[in-house]
Every structure is written in structure tokens, then in C-alpha cells.
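Comments concern the structure below.
Lettering follows sequence order; numbering is per chain, from 1.
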Protein chains: 2
Amino acid sequence: MSKSEIASGGIGNEPRLSRASVARFSLYLRHLERFERERVRNVSSSMLGEALGITDAQVRKDLAYLGNLGQPGIGYPTQDLIAALRNRLGVDRQWACVVVGAGNLARALLRYKGFEKHGFRFVALFDSDADKIGKMVEGLQVLPIQNLKETVGATGATLAVLAVPAEAAQPVADAVVEAGIKGILNFAPIMPRLPAGVSLIGVDLAIQLEQLAFLVHLSQTESKLDPR
Amino acid sequence: MSKSEIASGGIGNEPRLSRASVARFSLYLRHLERFERERVRNVSSSMLGEALGITDAQVRKDLAYLGNLGQPGIGYPTQDLIAALRNRLGVDRQWACVVVGAGNLARALLRYKGFEKHGFRFVALFDSDADKIGKMVEGLQVLPIQNLKETVGATGATLAVLAVPAEAAQPVADAVVEAGIKGILNFAPIMPRLPAGVSLIGVDLAIQLEQLAFLVHLSQTESKLDPR
DNA sequence: GGATGTGAACGACTTCACAGCG
DNA sequence: CGCTGTGAAGTCGTTCACATCC
């Protein structure tokens, strides 16, 4: 079995899920929800491909992982496809999240309403700064980090968002893992070490800006990027 | 010439830059800066590989693009490598950026000091909300969007950060392009259409959270992820 | 006809393995 | 020796092309 397959427990000849597809699943879902709002009953692989900027064959390969939902000559029933995707992605249930670090980034996240629509609910906000503890921020009271374990237990939170300075990232990561958190969205510009079984996604804004500058730099100096 | 090569204007047999390498260059730089702080004179491909979780051969392939900086038996001189990388990435100069959307996200970005160290400077902040215009936010006065073109011209800004709601993203993107911006870092959950010659990097936080939930979901249901 | 599902071909990226140099 | 630079091999992901089904 190849290394890059994300194990399907199956007998062995059902479609497998590649890492690359994983990254596209959320995008499919987003566009499908748009199609549904536009009352499109069936979507074809080429409609989705165009929306994402990939080929129709690629789309069909990806969607094959969800089972044989497509109907030749018709396409995929929008609603069924959404349901299947939500199920596979795990967003057909509620995810309770805690936020650590009560700064402006936390405010921005808590205020953004897009998360709730996708099943994410922020249930608690923590900080280590004594001045902030007890204050209300976007409807949540700032709690001391010492309360993490208790709160995670009481709320059943599974995910944590780390919006803390670089120095604090590793100890806070350790603390949330200790508290029982299974997935971390990290905004600090370091990659914390985590035990197996805890997932991590990092968003490093300085690196994103740097990549952007690089792209501009490239197109300003010599080269052409092939348009993809 | 292969499609995925990012054109090197060269004669034809110097190392080429792959899309995948591009994404790693910023990471190399980050770790190199750490090594430099730790007074490491020379770094080997295996040191960098370990830091990024990739093989040493991969590192050497990537770094070959910078020219023959490596010394057999020794490694790469840390400082030279940093200088070469900065030069290629285009972060050996200042990048002036404007921010559109004076909300909490903008506050968080403006307050974060990590950008300046990498040569990024936020020179102006815009909003369409009349209540915000004229107010000071983290040392910048909020300007009306109508001033974009003038300000971009006066400051020489090349990059724009879009921290606006989804509905506003496309018109604002059009406006900053019209004003002469060459690269956009977009936080709105849509991908704006842009003319060729303008680069775009999108950061969609809802999608990141969804990916995280998916990873946790996967590891909770069946499967094992290979640890990379 | 129109669109799916899929083996086969293709291309890109990664790893291997080793010659060559300090 | 140790470590680079690099052709060759291998692996993964994407696209092609077409049989198949509604």
C-alpha cells in the first residue's frame, strides 16, 4: 500500500483518498452550497472543475471517493453530494472550539459569523494576562488558562485556536493537548511539537505575505508563471 | 520546456524552480534565521531537511536553484544562504502594503511586529464605513477608499491586504488593482477574479478550520495518517 | 446525446544512489 | 571521511480517452 494513501479500512479496491484531494474537499463543498442556493439540482464535474480551476476528470476522481453518486448523462445530485461531503468531512456535526489568546485576532475570529454556518462553535476564550481575565470579549468571558482542562471537559471541546505570541505557543499547545484537545489551528509563527493523535494546521501570516511578495517579485523580474 | 517550470530566462541548463520548491523557500529562510541566531556557521541539507520534515536530497535540489553555494564536506554557509534566499524571494527590499477594511483583523495585522522584520511596512488603512474614516487605528488614520489610487501612487505601495466582508471583496479587489497594486493577500472567503499580472494569495480561515476538523474526524473514525 | 467512472499515459515531485570534491 | 550536486529511478498526482450507462 502506498504511503500517501490515507487509509481506507476497505478490502482494497475501492477508491482511495489522496492528500491532494483532501485539500479540495472543502472547496467543493463551498461551491456546492452556492449551487444549492442557486437552485441547481444537479452539478456536473465540469461545472465544479471550472469553479475550482481544475479539470473535470480530476473532479470525478475526487468524488469517486464518496461512492458512486454520479448519474451518467445527468451529473451529481447537488443535495446528495453535499450530504456525502459533509459526512466525510465531519462537518455534519457540531465542533466546539476554544480560543487561547484574547487579542485582536481572537476578536476577529469570534466576530466572524461564517464559522457557525459550518458547524463550528466557539465555547470559551482563555488568556494568561490577569488584566484581561474576567472581561467580556464578543460574548465570551476571558478565563484563566488554568481553567482549560475543566472547561474542555465540561464543554466537550475538540478543537483549539491558538492566537498567542510565538513564545507562548509551545506551552499553550502542551496545555491544550493535556486538556484533551484533538486538533489545533495555530496562528503563531512556530510549529509546536505535538504527540501523535493530535492534528495541527498552521496559518503563518508572515509566510503568506512573503510568498505573495515572491510571486510579485518573480513576475516583476524575469519570468512568467504559467497561469493555473 | 515543461509546464511547471517557472521560467528562468537562462540558456537552458541551470537548475529550474518548481512550484513546490517555491512554497518551501520561506520556510528555509525562517529556519536559517533561527540557525543564524544560534550562531551556526554552516548548515547541512540534512539539518534543514529535519527542520522541515523532508529529505536532505530534496533540500539540495531546492537550494541548487540559488547557485552552487554548498561546500562538499562542510555544508552551506548560513549567512550566504540567507542572503541568496532573501534576494531570490525579494525580501531584501522594503514592501509597502495597504490594508483595506479597518476591523479587528486589520488591527491584529497592524499590531503584529513580525512583518516589519521581514521587510513589510503597512503604509495606509482604508475603509468604506463613514464612522471609521478619520479615526486612528494602530497608528494609521483610516482613509476613504476613494483615496486608494492617490495613496498608492504617493507611497509606492505594491501589496494590498483585503480584510473586508465577502460581498466587498470583488469590488475592493478591482479598486486596488486599478490603483496599481500588484499583489493581494485576501482574507475574504471568495476568490476574486483578477487580471493577469496581479498575484493573489488567499487565506480562508473557515476552510482551514474545516480541514482541521476533517483531519480529526479521519483519525477518530478509521484511519491512520502517515506522519509527515 | 451527455456525463460518469476508470485504466492508461503523462508529467511533476521526491527519493535513491553515487561520483566528486574539500 | 562528510557532504554536495545530480542523473536515474520511483512515486504520486493529473490528464486523456473511451467504454458504459441513463
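Under 4.0 angstrom from either OP1 or OP2 of D:dC3 there lies no side-chain N or O belonging to B:Ser44. Between B:Tyr76 and D:dG5, a side-chain N or O to OP1/OP2 separation shorter than 4.0 Å is present. OP1 or OP2 of C:dT15 has at least one side-chain nitrogen or oxygen of B:Thr55 nearer than 4.0 Å. An OP1 or OP2 oxygen of C:dT14 is reached within less than 4.0 angstrom by a side-chain nitrogen or oxygen of B:Gln58. The phosphate of D:dG13 (OP1 or OP2) has no side-chain N or O of A:Arg24 nearer than 4.0 angstrom.
Taking CZ from A:Phe120 and CG from A:Leu185, the interatomic distance works out to 9.5 Å, rounded to the nearest 0.5 Å. With rounding to the nearest 0.5 angstrom, the CG atom of B:Leu159 is 9.5 Å from the CD1 atom of B:Ile184.
What separates CG of B:Asp62 from P of C:dC13 is a distance of 11 Å, to the nearest Å. A:Leu63 has its CG atom 14 Å from the C1' atom of C:dT6, to the nearest Å. Taking atom CD of A:Gln71 as the reference point, atom P of D:dC22 lies 9 Å away to the nearest angstrom. The separation between A:Leu48 atom CG and C:dA3 atom P is 13 Å, rounded to whole Å. Between the C1' atom of D:dT20 and the CD1 atom of A:Ile74 lies a distance of 15 Å, rounded to the nearest Å. Counting to the nearest Å, the C1' atom of D:dT4 and the CG atom of B:Asn68 are 9 Å from each other. In this structure, B:Leu52 atom CG and C:dT15 atom P are separated by 12 Å, rounded to whole Å. Going from atom CZ of B:Arg19 over to atom P of D:dG13 covers 17 Å, rounded to whole Å.
The residue among B:Gly70 and A:Ala20 whose nearest nucleotide of DNA chain D lies closer to the 5′ end is B:Gly70.
Scanning atom types as modelled, one donor and one acceptor separated by under 3.5 angstrom connect the side chain of A:Lys61 and the base of D:dT15.
For B:Arg60, counting side-chain heavy atoms from C-beta on, the closest listed nucleotide (C:dA17, C:dT14, D:dG13) is C:dA17. The A:Ala57 side chain lies nearest to D:dT15 when the options are C:dT15, D:dT15, D:dT14. Comparing D:dT4, C:dC13, D:dC22 by their nearest atom to the side chain of B:Pro72 picks out D:dT4.
Under the 3.5 Å distance criterion, the side-chain polar atoms of B:Trp95 are left unmatched by any main-chain donor or acceptor of A:Leu209.
The existence of a salt bridge linking A:Arg34 and A:Glu38 is confirmed by a sub-4.0 Å separation between a basic side-chain nitrogen and an acidic carboxylate oxygen.
Within the nucleic acid shown, A:Gly73 comes within 4.0 Å of at least one base atom, counting heavy atoms only. Residue B:Ser46 is out of contact with every strand shown, counting any heavy-atom pair closer than 4.0 Å.
Under a cutoff of 6.0 Å and an axis angle of 45°, B:Arg88 and B:Phe25 do not form a cation-pi pair.
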